[in-house]
Engineer: 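Dropping a structure here in structure tokens format, bear with me for questions.
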Amino acid sequence: MARIITLSMHVSLDGYVAGPNGEMDWIKIDDEIFSFVDSKTDEADTALYGRKTYEIMDNYWPTADQKPDAGKHARHHAAWYKSVTKVVLSRTMKSDDPKTRVISENVPEQVRALKEEPGRNILIFGSPGASQVLIEHNLIDEYWLFVNPVAINKGIPLFRQDTLQRLKLVNSHVYASGVIWLHYRKL
């Protein structure tokens with residue numbers, strides 16, 4: 001049975017995942033959302049990123065649990081991040097880390113092969129460019145969309161105008177912050 005690729009993304013009411021320059025200061029994250037994310041990361045043994053998101057994550061998570069103010073989420077996610085295989089979609093990046101694999105060519109074919117390898121689920125956190133490539137090639141199986149109560153009116157969209165995605169709502173949850181989690185599965 002093929003592994004499931006799940007995209008976890010914060011999105012504005014008007015469908016953007018970041019501002020024009022990558023701004024994400026409009027995203028609401030709190031302990032309630034962190035607790036949910038922590039429960040879901042345990043179901044995955046692979047994290048898939050675009051290069052920019054990977055660099056942000058790799059600069060933070062390997063030592064996040066060592067900071068004096070590290071909370072429960074930081075300790076949990078740092079441990080998860082250090083234990084999982086990281087797959088990075090990048091034409092320019094190289095890696096000597098045995099836990100980091102770079103896919104630079106034939107992305108759709110290599111991601112399909114990755115899905116067939118033994119293991120648990122594959123999670124994509126953020127990475128709008130990489131996500132759009134996978135959406136275009138129909139490689140995302142599930143979407144966890146955290147819809148934030150804000151319209152930003154411009155920026156980087158989750159879905160390009162030329163992609164049609166037929167999805168089925170599987171679950172939803174309204175957080176106290178006003179963020180709504182929508183769990184969709186590809187039809």
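Atom set for the values below is all heavy atoms of this structure, side chains included, hydrogens, waters and symmetry mates excluded.
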Engineer: Mind jotting down which residue pairs meet the salt bridge (charged side-chain N to carboxylate O under 4.0 Å, His left out) criterion with at least one end in residues 16-42? Sequence neighbours excluded, please.
Structural biologist: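 Every salt bridge (charged side-chain N to carboxylate O under 4.0 Å, His left out) pair that includes a residue of residues 16-42, provided the two are not neighbours, is Lys40-Glu43.
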
Engineer: Looking at Asp14 and Asn153, what are the two nearest heavy atoms and their distance?
Structural biologist: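 Closest approach of Asp14 to Asn153: OD2-N, 2.6 Å.
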
Engineer: Quick one: which residue pairs count as a salt bridge (charged side-chain N to carboxylate O under 4.0 Å, His left out) with a foot in residues 63-76, not counting sequence neighbours?
Structural biologist: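 For residues 63-76: Asp65-Lys82.
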
Engineer: Compile the donor-acceptor pairs under 3.5 Å between side chains in residues 129-136 and protein atoms, sequence neighbours left out, one pair per line.
Structural biologist:
| unit_1 | atom_1 | unit_2 | atom_2 | d |
| --- | --- | --- | --- | --- |
| Ser131 | OG | Gly126 | O | 3.1 |
| Ser131 | OG | Ser127 | O | 2.8 |
| Gln132 | OE1 | Arg160 | NE | 3.2 |
| Gln132 | OE1 | Arg160 | NH2 | 3.4 |
| Gln132 | NE2 | Pro157 | O | 2.6 |
| Glu136 | OE1 | Arg160 | NH1 | 3.1 |

Engineer: Rounded to the nearest 0.5 Å, how far apart are CG of Leu48 and OG1 of Thr53?
Structural biologist: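 Result: 10.5 Å between the selected atoms.
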
Engineer: Apply side chain to side chain donor-acceptor pair (under 3.5 Å) to Glu109 and list each qualifying residue two or more places apart in sequence or on a separate chain.
Structural biologist: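 In terms of side chain to side chain donor-acceptor pair (under 3.5 Å), with neighbours along the sequence ignored, Glu109 is linked to no residue.
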
Engineer: Of all heavy-atom pairs between Ser177 and Pro149, which one has the smallest distance, and what is that distance?
Structural biologist: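 It is O-CG, 4.2 Å.
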
Engineer: Of all residues at least two apart in sequence or in a different chain, which pass the side chain to side chain donor-acceptor pair (under 3.5 Å) check with Asn138?
Structural biologist: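 In terms of side chain to side chain donor-acceptor pair (under 3.5 Å), with neighbours along the sequence ignored, Asn138 is linked to no residue.
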
Engineer: Any Lys/Arg nitrogen of Arg112 or Glu116 sitting under 4.0 Å from an Asp/Glu carboxylate oxygen of the other?
Structural biologist: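 No salt bridge links Arg112 with Glu116.
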
Engineer: Tell me who clusters with Ile33, hydrophobic residues only, linked when side chains sit under 4.5 Å apart either directly or through other members.
Structural biologist: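 Phe36, Val37, Tyr49, Tyr54, Met57, Tyr60, Trp61, Trp80, Tyr81, Val84, Val88, Met93, Val102, Leu123, Phe125, Trp144, Phe146, Tyr175, Val179, Trp181, which link up through side-chain heavy atoms under 4.5 Å apart, make up the rest of the cluster.
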
Engineer: Side chain to side chain donor-acceptor pair (under 3.5 Å) with Arg3: which residues, sequence neighbours excluded?
Structural biologist: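 Side chain to side chain donor-acceptor pair (under 3.5 Å) list for Arg3, sorted by chain: Asp45, Thr46.
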
Engineer: Enumerate the residue pairs fulfilling ring-ring contact (aromatic ring centres under 6.0 Å, His included) with a member in residues 88-122, sequence neighbours excluded, ordered by first and then second residue.
Structural biologist: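 For residues 88-122: none.
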
Engineer: Keeping to residues at least two apart or across chains, list the salt bridge (charged side-chain N to carboxylate O under 4.0 Å, His left out) pairs with something in residues 178-187.
Structural biologist: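 For residues 178-187, and leaving out neighbouring residues, the salt bridge (charged side-chain N to carboxylate O under 4.0 Å, His left out) pairs sorted by first residue read Asp141-Lys186, Glu142-Arg185.
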
Engineer: How would you list, by chain and number, every residue that makes a side chain to side chain donor-acceptor pair (under 3.5 Å) with Asn148, sequence neighbours excluded?
Structural biologist: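 Expected list: His10.
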
Engineer: Does any pair with a residue in residues 171-182 pass salt bridge (charged side-chain N to carboxylate O under 4.0 Å, His left out), and if so which ones, sequence neighbours excluded?
Structural biologist: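 Passing the test, one end in residues 171-182: no pairs.
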
Engineer: Hydrophobic cluster mates of Trp26, side-chain heavy atoms under 4.5 angstrom, ILVMFWY only, any path?
Structural biologist: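 Members other than Trp26 - counting any ILVMFWY side chain reachable under 4.5 Å - are Tyr16, Met24, Ile27, Ile29, Phe34, Val150, Ile152.
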
Engineer: For Glu105 and Gln110, work out which heavy atoms get closest and say how close.
Structural biologist: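 Taking every non-hydrogen atom into account, O-NE2, 2.8 Å.
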
